[in-house]
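What follows is one structure encoded as structure tokens, with my remarks underneath.
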Amino acid sequence: MASGTGDDPILEVDRVTLRFGGVTSLAEVSIRQQRGELLAVIGPNGAGKTSLFNAITGVYRPQDGDIRFRARDQRPVSLIGKKVHEVTKLGIARTFQNIRLFAALTVFENVKIGIESRQRTGPVSAMLRLPRTLREERDGDRLATELLDFVGLRNRANDLAASLPYGAQRRLEIARALGTRPQLLLLDEPAAGTNPVEKAELEDLIRHINTEMGLSILLIEHDMRLVMSLAERVVVLNFGRVIAEGPPAQVQADPAVIEAYLGTRAYRAATGEEASG
Ligand SMILES: Nc1ncnc2c1ncn2[C@@H]1O[C@H](COP(=O)(O)OP(=O)(O)OP(=O)(O)O)[C@@H](O)[C@H]1O
């Protein structure tokens with residue numbers, strides 16, 4: 001759901017280089033995402049996809065380059081040197097490749113944690129239960145219920161997060177991320193480990209977040225069918241470099257991409273070839 005025809009980037013990754021000792025996980029990576037766009041980042045294992053998310057969200061600080069985020073009606077802000085919670089406050093949320101939920105808390109409480117990370121009340125006013133605290137709490141409860149409704153988990157609100165089936169845990173993680181009221185949502189392999197039914201539900205959910213909520217989405221996903229069906233544009237990383245970008249069909253037919261993927265599980269899944277080694 002790219003917004004109009006004008007150039008209105010929400011995220012600009014500008015020649016970013018990230019190294020760990022001798023390993024270069026991102027090499028002069030440049031990516032420009034338009035507001036409202038559902039952009040996928042693909043690439044073989046170790047290509048640098050999660051490193052890119054970690055660089056955007058303040059987990060890692062790149063040695064070179066800049067990353068700029070522009071919230072609606074705001075000036076661009078550099079994310080370099082920002083802490084994880086500062087990046088969240090600016091309007092960027094993420095989910096993780098390996099689900100990170102509070103297993104011993106309820107479904108509702110998990111979403112409330114996301115919401116409270118953006119609320120303004122400090123510990124003192126929370127303790128004194130000042131009017132603003134009470135109002136924020138009511139608003140937070142309402143938003144949590146709406147989000148659980150949106151991801152189809154309202155009837156599981158009081159269950160422990162750990163008791164949910166795997167696909168539902170993935171949807172809960174997305175609800176928690178949405179609780180921070182992001183403008184840009186980073187999804188790191190949201191369908192990993194899910195069965196075909198759960199995958200179809202996640203596909204619908206991701207599409208709705210993009211079209212109904214109007215959020216920009218940056219999606220890392222190994223499932224090519226999902227990428228091809230959801231993404232408007234695809235960026236391909238290999239050994240930390242961007243080797244191709246464009247509409248899904250064009251990227252899929254790109255010889256450099258085919259070569260990078262040849263023999264990998266993702267390629268076989270995409271082409272329907274049998275796993276022959
Ligand atoms: N904290 C770290 N310390 C050292 N090397 C790292 C670190 N994080 C990432 N790397 C290296 O950076 C490279 C890119 O890794 P990254 O996890 O970003 O790839 P990926 O594309 O997300 O892979 P996958 O699809 O397997 O998740 C790899 O060589 C990895 O070993």
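For the numbers below, each heavy atom of this structure counts, side chains included, while hydrogens, waters and symmetry mates do not. Start at 1 and go down the list; that is how both ligands and their atoms are numbered.
- For F53 and F96, the distance between ring centers is not under 6.0 angstrom.
- Heavy-atom proximity to atom 15 (O) of ligand 1, evaluated over G240, P44, S51, is greatest for S51.
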message = Pair T50, Q97 - check side chain to side chain donor-acceptor pair (under 3.5 Å), show working.
response = CA-CA 8 Å; T50 300; Q97 205 168 322; 3.1 Å; yes
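- In this structure, atom 31 (O) of ligand 1 has its sub-4.0 angstrom surroundings free of protein heavy atoms.
- Nearest protein neighbour of atom 8 (N) of ligand 1, counting heavy atoms only, is F20 CE1, 3.5 Å.
- For atom 25 (O) of ligand 1, the nearest non-hydrogen atom of the protein is K49 NZ, 2.8 Å.
- For atom 19 (O) of ligand 1, the candidate residues are A192, G48, S25; the nearest heavy-atom contact is made by G48.
- Closest protein heavy atom to atom 11 (C) of ligand 1: V23 CG1, 4.0 Å.
- Distances from ligand 1 to the non-hydrogen atoms of G46 include at least one value under 4.0 Å.
- Other residues, nucleotides and ligands contribute only 12 or fewer heavy atoms inside 6.0 Å of the CZ atom of F239.
- Only one option out of L148, I115, V111 pairs with L143 in a side chain to side chain contact (heavy atoms under 4.5 Å, CB included); it is I115.
- Under 4.0 Å from ligand 1, heavy atoms of T50 appear from its side chain as well as its backbone.
- Remark: ligand 1 atoms within the under-4.0 Å shell around heavy atoms of A47 are 19 (O), 20 (P), 21 (O).
- Under a 4.0 Å criterion applied to the non-hydrogen atoms of Q97, ligand 1 contributes the atoms 27 (O).
- Taking 4.0 Å as the cut-off between side-chain N and carboxylate O, E173 and R94 do not count as a salt-bridged pair.
- N45 ND2, 3.0 Å is the protein heavy atom nearest to atom 26 (O) of ligand 1.
- Between the side chain of T88 and the backbone N or O of V84, at least one donor-acceptor pair lies under 3.5 Å.
- In this structure, Y60 has a heavy atom closer than 4.0 Å to ligand 1.
- Exactly one residue among L79, L218, T180, L185 makes a side chain to side chain contact (heavy atoms under 4.5 Å, CB included) with I92. That residue is L79.
- Ion pairing between a basic and an acidic side chain is recognised when a charged N comes within 4.0 Å of a carboxylate O; R241 and E28 show no such pairing.
- The side-chain heavy atoms of I31 and L52, taken from C-beta on, include a pair separated by under 4.5 Å.
- The atoms of ligand 1 that sit less than 4.0 Å from any heavy atom of H222 are 25 (O).
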